[in-house]
Amino acid sequence: MQFTKQAAEKRLADFLMDDMPVTEWAARQVAIAPDWFAKYKALRREFMESLSDSFEELSFLNLSKEAFFALLGGRALPENTSLRLRVPLAFGGKLDVKNMFMCKTFPHSHNLDRFLIEQAGAQTIWLPNPAKKIYVPTNLLGGGDGGNATDDRLSQYAATMLAGRE
């Protein structure tokens with residue numbers, strides 16, 4: 001189905017992701033290198049290690065200390081999280097940290113897959129392109145009175161991790 005930008009944005013709103021920006025992309029299929037997965041695995045680790053500048057978004061994932069250190073150490077993704085390519089390899093995307101973002105597997109990654117599949121056969125596709133490395137819907141970003149214990153806990157984790165590197 002060929003979406004207009006407005007139709008793509010409405011479809012994402014149907015998935016309760018109306019804050020997800022989209023980028024227009026020519027839907028031309030390209031060949032994928034046979035060694036892509038080995039390169040992707042190395043890139044995954046690099047991307048996870050780069051998340052040390054994303055503490056605000058990480059705080060909304062409510063990670064345990066072990067999951068937090070495993071993520072920032074590039075060892076393991078937390079449960080129910082996925083890494084996605086902003087521009088899939090099949091459409092000419094590159095294996096590069098700047099082409100990646102992380103989100104919850106369910107419902108976000110699942111709904112983004114549906115969103116892309118619905119555009120099959122279109123001349124132009126609309127690709128999800130969140131502004132930050134971790135997609136957290138804006139309806140979860142609101143705070144209230146009383147502080148945020150998760151932010152405090154992550155600050156302590158970060159200080160411990162950085163102290164270990166010095």
Side-chain angles (χ1 to χ4, degrees), residues 8-23 25 36-91 93-118 126-166:
E9 290 169 342
K10 182 188 181 315
R11 186 62 179 136
L12 286 173
D14 293 343
F15 292 134
L16 304 177
M17 298 169 70
D18 55 328
D19 59 339
M20 174 73 77
V22 292
T23 302
W25 195 262
W36 75 270
F37 191 70
K39 291 178 181 177
Y40 173 75
K41 283 178 64 174
L43 186 64
R44 265 174 52 111
R45 180 180 180 95
E46 183 182 338
F47 178 80
M48 288 188 284
E49 291 172 345
S50 81
L51 293 175
S52 62
D53 63 356
S54 302
F55 286 117
E56 182 179 351
E57 293 80 22
L58 286 170
S59 69
F60 289 98
L61 299 179
N62 200 23
L63 303 175
S64 68
K65 182 177 183 178
E66 295 77 21
F68 177 80
F69 283 120
L71 175 64
L72 291 185
R75 294 185 307 277
L77 277 173
E79 187 175 317
N80 192 34
T81 58
S82 297
L83 297 183
R84 298 190 59 96
L85 295 174
R86 294 171 191 274
V87 178
L89 298 177
F91 295 120
K94 304 293 182 218
L95 284 173
D96 186 297
V97 169
K98 292 177 183 170
N99 191 32
M100 298 180 81
F101 69 95
M102 187 171 92
C103 63
K104 290 282 193 180
T105 302
F106 186 82
H108 306 119
S109 186
H110 173 78
N111 286 336
L112 292 175
D113 286 339
R114 290 175 57 194
F115 176 72
L116 292 175
I117 290 168
E118 288 173 357
W126 296 93
L127 298 173
N129 192 17
K132 298 186 178 186
K133 292 179 187 177
I134 301 173
Y135 172 67
V136 178
T138 54
N139 62 349
L140 297 179
L141 295 176
D145 296 335
N148 185 336
T150 303
D151 274 341
D152 295 342
R153 187 178 64 213
L154 287 179
S155 295
Q156 289 174 336
Y157 293 168
T160 302
M161 182 175 234
L162 291 173
R165 288 185 181 172
E166 294 176 6

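A quick note: this is a predicted structure, and the numbers were derived from the prediction, not measured.
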Original post:
Listed by chain and number, what are the salt bridge (Lys or Arg N to Asp or Glu O under 4.0 Å) partners of Asp18, not counting sequence neighbours?
Top reply: none
Original post:
How close do Leu58 and Phe68 get, heavy atom to heavy atom, and via which atoms?
Top reply: CD1-CE1, 4.0 Å
Subject >> side-chain contact (heavy atoms from CB on, under 4.5 Å) against Ala76, all qualifying residues, sequence neighbours excluded >> reply: Ala70
Subject >> Option among Glu49, Met102, Glu66 that satisfies the side chain to side chain contact (heavy atoms under 4.5 Å, CB included) test with Leu71 >> reply: Met102
Original post:
With side chains defined as the heavy atoms from C-beta onward, is the minimum distance between Val136 and Glu56 less than 4.5 Å?
Top reply: no
Subject >> Nearest-0.5 Å distance, CZ of residue Phe115 to CG of residue Leu127 >> reply: 8.0 Å
Original post:
Do you know the tightest heavy-atom contact between Leu116 and Trp126?
Top reply: CD2-O, 4.0 Å
Original post:
What pair of heavy atoms forms the shortest contact from Pro137 to His108, and how long is it?
Top reply: CG-NE2, 3.3 Å
**OP:** Mind checking salt bridge (Lys or Arg N to Asp or Glu O under 4.0 Å) for Lys39 and listing every partner two or more places apart, or none if nothing turns up?
**Re:** Asp35
Original post:
How far apart are the closest heavy atoms of Val22 and Leu12, and which atoms are they?
Top reply: CG1-CD1, 3.4 Å
**OP:** May I ask you to decide if Phe91's main-chain N or O and Trp25's side chain share a donor-acceptor pair within less than 3.5 Å?
**Re:** yes
Subject >> For Glu118, salt bridge (Lys or Arg N to Asp or Glu O under 4.0 Å) partners two or more places apart >> reply: Arg11
**OP:** Compare every heavy atom of Leu89 with every heavy atom of Trp36, then report the nearest pair and how far apart it is.
**Re:** CE3-CD1, 3.7 Å
**OP:** Applying salt bridge (Lys or Arg N to Asp or Glu O under 4.0 Å), name anything that partners Lys104, two or more places apart in sequence or on another chain.
**Re:** none
Original post:
What residues, two or more places apart in sequence or in another chain, satisfy side chain to side chain donor-acceptor pair (under 3.5 Å) together with Arg84?
Top reply: Ser109, Asp113
**OP:** Find the distance between CG (Asp19) and CE (Met17) and round it off to the nearest 0.5 Å.
**Re:** 7.5 Å
Original post:
From Arg45 CZ over to Arg75 CZ, what is the distance, rounded to the nearest 0.5 angstrom?
Top reply: 8.0 Å
**OP:** Please say which of Asn99, Asn129, Asp96, Thr23 ends up in a side chain to side chain donor-acceptor pair (under 3.5 Å) with Arg86.
**Re:** Asn129
Original post:
Quick one: are Val87 and Lys94 in side-chain contact, heavy atoms under 4.5 Å?
Top reply: no
**OP:** Quick one: pull up CZ in Arg114 and CZ in Phe15 and give me the separation to the nearest 0.5 Å.
**Re:** 4.0 Å
Original post:
To the nearest 0.5 Å, how far apart are CD in Glu57 and CZ in Phe101?
Top reply: 13.5 Å
**OP:** Could you grab the distance from atom OH of Tyr40 to atom CG of Leu85, nearest 0.5 Å is fine?
**Re:** 6.0 Å
